[in-house]
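Read through the structure below, which is laid out as structure tokens, and then see the notes.
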Amino acid sequence: EPLISSEVELLGMPVSFAHGFGIGSGLGGGLAEVNRPESIFWGGYGGSLALIDMKARTSFGYAMNKMGVSTVGDERSAALAKGMWARLNA
């Protein structure tokens, strides 16, 4: 359940927060079209991303070895996360 919902100027997108994580419907970048309200996430500068999908009872972590210019994951982490969800839904 969201504790705070706000436009985050630094990220340039609205995000809902609960206990230190963003809530899945606020995923941005390459994951913006993914509708996973039961997920929580957080990204790091450079493209890293952590996801926890409560409904699927799984988690995903990505740490890159080449920095990108993103604060909420990037196309590398988005492609891997989308692939994970595609396999879970198959």
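Computed from heavy atoms alone, side chains included, the values below leave out hydrogens, waters and symmetry copies. Computed from a prediction, not measured in an experiment: that's the story for all the values here.
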Please round to the nearest 0.5 Å and tell me the distance separating atom CE of Met84 and atom CZ of Arg87. 12.5 Å
Look up atom OG in Ser48 and atom CH2 in Trp42, then write down how far apart they are to the nearest 0.5 Å. 11.0 Å
Does the side chain of [X] reach to within under 4.5 Å of the side chain of [Y], using non-hydrogen atoms?
X     : Y     : answer
Ile52 : Phe41 : no
Trp85 : Ser39 : yes
Leu51 : Ile40 : no

Which atom of [X] lies closest to which atom of [Y], heavy atoms considered:
X     : Y     : answer
Arg76 : Lys66 : NH1-O, 2.7 Å
Tyr62 : Ser77 : CD2-CB, 3.5 Å
Glu38 : Lys55 : CG-CB, 3.2 Å

